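Reviewing the structure listed below.
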Amino acid sequence: MAEQTTSGNPQQGASGGAAGTGSGYDPQKIELKWQKRWADARVFESEADPSKSKYYILEMLPYPSGTMHMGHMRNYTIGDVVARMKRMRGFNVLHPMGWDAFGLPAENAAIKNKTHPREWTNRNVGEFQRVLRRFGFSYDWRREIWTCDPEYYRWNQWFFLRMLERGLAYRKKSRVNWCPKCCTVLANEQVINGGYCWRHEDTLVETREIEQWFLKTTAYAEQLLDDLKELEGGWPERVILMQKNWIGKSQGAKVKFAVADIAGVEPIEIFTTRIDTIYGATALILAPTHPLVSKLLEGSPERAEAEPQLAKMRQTSVKTEDLATMEKEGFFTGRYATNPFSEEKIPIWVGNFVLMEYGTGAIMAVPAHDERDSEFAAKYGLPKPVVVVPETQAPPSKTEGGAPAHPIEAAFTEYGISVNSGPFSGLKTEDAIAKMAAFAEQKGFGRAETIYRLRDWGISRQRYWGTPIPVVYCAKDGLVPVPDKDLPVVLPPNPKLTGEGESPLAATPEFVNTTCPKCGGPARRETDTMDTFVDSSWYFYRYTDPHNDKAPFDSAKAAYWFPIDQYIGGITHAILHLLYSRFWCKVMRDMGLITHNEPAARLFTQGMVQKGGVTMSKSRGNVVGAEDMAQKYGADTGRLYTLFAAPPEKDLEWSEESIEGSWRFLNRVYRLIERHAEAVRGVKGRVGKIEDPPSKIERGAPAPVSVGATAKEKTLLRKVHQTLRRVTQDFETRWHFNSAIALIMELTNAIYAQEPLEDGVRPEVRKEVLELVTLMLAPMTPHLAEELWEMLGHKDGLWTVAWPAFREDLARDEEVEIVVQVNGRVRGKIKVPAGTAEDEIVKMAQVDPGIAHHLAGKRIVKRIFVPDKLLNLVVA
RNA sequence: GCCCGGGUGGCGGAAUGGCAGACGCUGAGGACUUAAAAUCCUCCGGGGAUUUUUCCUCAUGUGGGUUCGACUCCCACCCCGGGCACCA
């Protein structure tokens with residue numbers, strides 16, 4: 001930003017008045033002026049009103065950290081354009097903003113600077129607020145939310161208690177991901193790149209066993225999957241797919257294998273999607289962390305050899321990315337299990353590729369029909385009996401037992417026909433799966449079952465800057481929920497934050513020591529705080545009723561505003577935030593707070609802003625500060641460029657050179673209107689108001705000159721109404737803001753081409769044209785548009801004005817250019833009055849010298865005619 | 001490995017079966033100016049023909065296909081980005 005010191009510098013141009021750009025466009029002055037007017041007129045404040053059509057548009061709430069840069073602004077700019085457009089379209093728009101204000105960075109900063117996390121948070125929120133206001137976004141600031149406000153997080157606690165009552169919150173000891181830098185537990189989803197902390201991408205995550213609080217997201221697995229259907233068409237396909245994969249539904253069967261030879265050991269339960277291949281199982285393989293492993297090794301002849309290997313497997317860090325390529329390793333436990341179908345004894349192994357977290361932590365190995373098992377079997381010399389053959393390859397006979405003459409090399413994993421499978425031989429795979437599962441259930445050693453990859457949501461964090469979990473532990477009464485009337489359980493004001501050892505709350509006696517709500521005796525408070533994804537799982541409901549102190553929100557208000565009509569945010573939240581929000585919504589529905597199934601009807605994921613080919617971020621040091629931007633060019637130029645440089649869903653490469661183009665364009669528009677403002681000021685202009693019905697808005701467009709219009713006037717009116725038609729489309733249906741801006745630029749160029757307008761264009765036509773330019777820009781560059789609107793002689797602010805309706809009669813072309821092709825190649829163009837008949841155009845084409853010589857000596861065998869557009873003559 | 005995106009001038013991008021490269025940036029030239037900036041105008045994919053006007057031809061990652069006509073639809077492949085991944 002610094003090296004631009006030519007006198008074309010907009011800052012000089014702006015502050016120096018007419019110098020620099022040669023126009024009086026001074027964004028610093030007009031932007032502040034209009035922001036103040038909007039605030040004074042309370043333009044963006046809205047209330048639930050069932051008599052009005054509502055539109056709830058929401059951008060994901062930011063985590064206020066560091067400097068706000070143009071990467072942040074893209075999200076809000078897109079949202080603001082849509083919000084303002086919908087306002088102009090007469091919708092009652094809810095467009096709120098708030099702060100994801102709890103979280104680790106605040107606490108880490110506090111540790112580093114020996115301050116309180118609140119100070120860091122306050123400072124950052126202050127900066128973010130200032131920048132968002134500086135950009136003129138149309139938020140209803142009365143609804144602002146800070147998630148670290150006790151009046152907000154008390155409802156996190158309230159929800160937690162409700163979930164506890166419903167059995168959706170529970171405590172269990174579990175292996176957790178522990179980040180040594182954060183000194184806290186991470187959710188599985190916060191472990192990225194196969195074993196690294198999501199905040200410290202260079203820090204390997206360890207595992208520890210701790211008592212944790214969980215929310216039972218798995219109880220809703222089927223609904224979370226099923227209701228994705230409701231989102232089709234409204235959410236990006238890939239987000240739906242990512243959610244689907246994350247939930248990971250898998251239909252199969254669980255089967256119990258009895259352990260042979262040793263008494264008192266419970267059977268080993270495996271999960272398989274291919275129970276039909278069970279006659280081909282040549283081993284059971286357990287996860288290294290499977291609870292039965294030690295029991296099996298006890299007294300086993302293989303124990304001495306096995307134990308060191310087991311120890312090694314258990315400690316190997318779980319780097320998932322290596323997992324996929326890692327050599328499959330295993331060892332024999334010295335024990336055998338009985339295949340309940342074949343009664344065969346098969347060896348029990350332990351394998352490093354079997355995951356305790358998925359299924360039952362144990363599998364049956366079927367080397368002939370599974371890739372991994374095949375690989376494993378090859379390495380350790382396990383047999384590979386074939387039990388399924390392709391349907392095309394007719395089974396020789398219902399052979400009983402015995403492997404085929406030659407072992408197969410590759411595993412056959414497709415469906416086919418069962419062979420060598422006892423009474424199930426000869427069945428098609430689908431039938432075999434159904435019959436064998438039924439058989440297992442009938443005999444009591446198994447059943448068909450559906451499992452999910454989705455796991456319960458671990459919400460415990462051993463940190464200070466989050467929502468305290470509202471339970472106490474009493475020696476007499478055990479775990480006791482804090483009664484609603486005692487909420488919120490507030491954070492102690494002066495914690496000792498060291499970043500080491502136990503959690504800060506545990507180290508604060510005045511917080512920990514309390515009395516039992518049941519017996520009044522001494523008790524200890526829970527010292528874990530909640531994952532901040534809890535805060536963001538329902539904040540958009542609070543916006544509908546932000547100051548309610550009786551309930552998280554009023555159901556009637558939520559019913560009016562919900563579902564969110566348009567949610568906008570980064571693809572980075574495609575899984576976690578959205579999945580948790582969907583879960584929360586379903587829980588609230590089951591509690592009777594709301595009636596809908598899904599919180600957001602439409603989701604838009606905008607692309608990232610990059611500089612130098614990488615995503616703009618503070619840590620990469622390639623940010624373009626939003627405030628610097630506003631100071632140099634003004635907010636409107638920043639907004640316009642962000643919209644113009646790329647379509648909103650694609651990544652945007654920031655270019656200091658290109659932005660000059662947006663700045664120049666706005667100046668060009670300003671000069672144009674400045675030049676004609678005086679002459680048109682007294683003329684009657686547009687009258688369409690936001691609250692008017694569509695028919696009146698249409699009439700609001702003056703029909704100034706259908707009689708006696710000059711050629712210039714016709715050209716201008718046609719161009720402006722054609723532009724309006726296409727821009728309206730780009731805004732409403734496609735969100736192609738970049739091409740909408742291109743169209744307005746083209747229009748501006750066309751107006752300039754007709755200068756001097758005084759010569760042959762009456763003031764009322766000039767006014768119509770300039771007003772439409774202004775209105776089309778209004779959602780994108782609202783400050784400039786207000787200023788221009790005022791210059792054009794309007795007393796009422798633009799916020800009272802409706803989006804204009806285009807006039808079909810004015811947009812229609814009188815003369816069109818027909819493209820003439822011969823055999824599909826363009827050979828000429830003919831200008832004709834609109835609506836000219838095909839035959840006529842063919843005649844003209846045949847005598848057109850440029851076209852005629854392509855037809856010479858040939859016969860026209862076919863004609864394709866697109867009225868007012870194209871004629872294709874096929875010749876032979 | 002599987003699943004999504006995407007590949008168009010020097011650059012960002014436009015064109016949802018009908019003139020490929022709109023619009024903007026960069027660059028070149030011109031006007032204005034004592035000069036510079038700003039502003040305004042013109043040109044700007046490759047090759048070829050032509051004295052100019054102009055005409056032909058190739059070109060949207062590669063190779064096929066459908067069609068009167070393909071950046072657009074279909075098939076195969078290559079490359080780039082993202083997601084998932086011993087999921088039993």
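Just so it is clear, the structure is predicted and the values come from calculations on it, not from any experiment. A note on names: the letters A, B, ... follow the listed sequences, proteins ahead of strands, and every chain is numbered from 1.
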*Do A:Leu579 and A:Gln243 come within less than 4.5 Å of each other through their side chains, counting heavy atoms only?*
yes
_A:Asn738 side-chain N/O to B:rA14 phosphate OP1/OP2 under 4.0 Å_ = yes
*If you pin A:Ala753 and A:Arg726 to their nearest nucleotides in RNA chain B, which one's is more 5'?*
A:Arg726
*Rounded distance (Å) that lies between atom C1' of B:rA88 and atom CD1 of A:Ile433*: 13 Å
*Which one is paired to B:rC73, where only Watson-Crick or G-U wobble pairs with both distances under 3.5 angstrom count?*
B:rG65
*For the side chain of A:Ser658, counting heavy atoms from C-beta on, which of B:rC25, B:rU16, B:rG13 is nearest?*
B:rC25
*Assess whether one donor atom and one acceptor atom, taken from the side chain of A:Asn245 and the base of B:rC84, lie less than 3.5 Å apart.*
no
*asked:* Counting the atoms with a prime plus P, OP1 and OP2 as sugar-phosphate, which does A:Glu746 contact under 4.0 Å by heavy atoms, base, sugar-phosphate, or nothing?
replied: sugar-phosphate
*Between A:Leu640 (CG) and B:rC23 (P), how many Å, whole number?*
16 Å
*For B:rG10, is chi within 90° of 0 (syn) or not (anti)?*
anti
_So A:Arg372, base contact, sugar-phosphate only, or nothing? Heavy-atom distance under 4.0 Å._
base
_Closest listed nucleotide, where the reference is the side chain of A:Val866 and the choices are B:rU39, B:rC86, B:rG18_ = B:rG18
_Residue matched to B:rC84 through Watson-Crick or wobble contacts both under 3.5 angstrom_ = B:rG1
_Pairwise P distance for B:rA20 and B:rA31, with rounding to whole Å_ = 36 Å
*Rounded to the Å, how far apart are A:Gln821 CD and B:rG69 P?*
10 Å
*Phosphate OP1/OP2 of B:rC56 contacted by A:Arg825 side-chain N/O (<4.0 Å)*: no
*Hey, is the side chain of A:Glu371 pairing donor to acceptor with the base of B:rG1 inside 3.5 Å?*
no
*Give me the ring orientation class for A:Trp735 and A:Phe604: parallel if the planes are under 30° apart, tilted from 30 to 60°, perpendicular past 60°.*
tilted
*Could you state the atom-to-atom distance from CD of A:Glu649 to P of B:rG82 in whole Å?*
18 Å
*Is A:Lys328 side chain donor-acceptor paired with the B:rC86 base, going by distance under 3.5 Å alone?*
yes
*Return the value, rounded to whole Å, for the distance between atom CD1 of A:Ile741 and atom P of B:rC25.*
13 Å
*Name the closest nucleotide to the A:Phe644 side chain, picking from B:rA20, B:rA88, B:rC23.*
B:rC23
_Euclidean distance, A:Asn339 CG relative to A:Ile278 CD1, rounded to 0.5 Å_ = 5.0 Å
*asked:* Under 4.0 Å, heavy atoms only, any strand: does A:Val366 hit a base, just the sugar-phosphate, or nothing?
replied: nothing
*asked:* Please report the distance separating the C1' of B:rC80 from the corresponding atom of B:rG61, rounded so that it comes out in whole Å.
replied: 10 Å
*Between B:rC68, B:rG13, B:rG83, which one does the side chain of A:Pro647 approach most closely?*
B:rG13
*Between B:rG81 and B:rC71, how far apart are the P atoms? Round to whole Å, please.*
27 Å
*Spell out, as yes or no, whether a donor-acceptor pair under 3.5 Å connects the side chain of A:Asp651 to the backbone of A:Met608.*
yes
_Selection from B:rC19, B:rC25, B:rA88 that lies nearest to any side-chain heavy atom of A:Glu657_ = B:rC25
*Taking the side chain of A:His854 as heavy atoms from C-beta outward, which of B:rC56, B:rC4, B:rC19 is closest to it?*
B:rC56
_Within the 4.0 Å heavy-atom criterion, would you say A:Arg827 contacts the bases, only the backbone, or no part of the nucleic acid?_
sugar-phosphate
*Roughly how far apart, to the nearest Å, are B:rU8 and B:rG45 at atom C1'?*
10 Å
*Consider the side chain of A:Leu870, meaning its heavy atoms from C-beta on, and name the nucleotide among B:rC86, B:rA85, B:rG18 that approaches it most closely.*
B:rG18
*A:Ile363 vs A:Phe353 side-chain heavy atoms within contact, under 4.5 Å*: yes
_Could you tell me how far B:rU54 sits from B:rA15 if I compare only their P atoms? Round to whole Å._
29 Å
*Closest to side chain of A:Ala742, choosing from B:rG12, B:rU57, B:rA22*: B:rA22
*For atom P, what is the distance between B:rC23 and B:rC44, given to the nearest Å?*
12 Å
*Using the closest heavy atom to pick a nucleotide of RNA chain B for each, name whichever of A:Glu329 or A:Asp651 lands nearer the 5' end.*
A:Asp651
*Side-chain ion pair, A:Asp373 and A:Lys328, N-O less than 4.0 Å*: no
*Interatomic distance where CH2 belongs to A:Trp654 and C1' belongs to B:rC25 [whole Å]*: 14 Å
*Considering only atom P, compute the distance from B:rC41 to B:rG46 and round it to an integer number of Å.*
24 Å
*Using a strict cut-off of less than 4.0 Å between a Lys/Arg side-chain nitrogen and an Asp/Glu carboxylate oxygen, indicate whether A:Glu357 and A:Arg455 qualify as a salt bridge.*
no
*For side chain to side chain donor-acceptor pair (under 3.5 Å), just list the numbers for A:Ser739 and A:Asp730, CA-CA rounded to whole Å, side-chain angles, deciding distance to a tenth of an Å, and then say yes or no.*
CA-CA 7 Å; A:Ser739 54; A:Asp730 276 349; 3.1 Å; yes
_Phosphate OP1/OP2 of B:rC19: any A:Lys829 side-chain N/O under 4.0 Å_ = no
*asked:* Can you measure A:Met356 atom CE to B:rC87 atom C1' for me and round it to whole angstrom units?
replied: 14 Å
_Base-pairing assignment for B:rG24 (Watson-Crick or G-U wobble, both under 3.5 Å)_ = B:rC11
*Examine A:Arg668 relative to A:Tyr752 and say whether NZ or CZ is less than 6.0 Å from the centre of the six-membered ring and inside a 45° cone about the ring axis.*
yes
_Rounded interatomic separation in angstrom, taking NE2 from A:His736 and C1' from B:rA22_ = 14 Å
*For A:Val826, report the nucleic acid contact type (base, sugar-phosphate, nothing); a contact means any heavy atom under 4.0 Å.*
sugar-phosphate
*Under 4.0 angstrom between A:Arg664 side-chain N/O and B:rC25 OP1 or OP2*: yes
*Could you please name the option among B:rC86, B:rC23, B:rC40 that lies closest to any side-chain atom of A:Met745?*
B:rC23
_Side-chain N or O of A:Ser250 versus OP1/OP2 of B:rA88: is the shortest distance under 4.0 Å?_
yes
*Which listed nucleotide (B:rC4, B:rC87, B:rC68) is nearest to the side chain of A:Val874?*
B:rC68
_Using a 4.0 Å heavy-atom cut-off, does A:Thr273 contact any base of the nucleic acid, only the sugar-phosphate backbone, or nothing at all?_
sugar-phosphate
*Pair A:Lys384, A:Thr282: side-chain N/O donor-acceptor within cut-off below 3.5 Å*: no
*Is the phosphate of B:rG24, meaning OP1 or OP2, less than 4.0 Å from a side-chain N or O of A:Asn749?*
yes
*For B:rU66 versus B:rC73, give the span between their C1' atoms, rounded off to a whole number of Å.*
8 Å
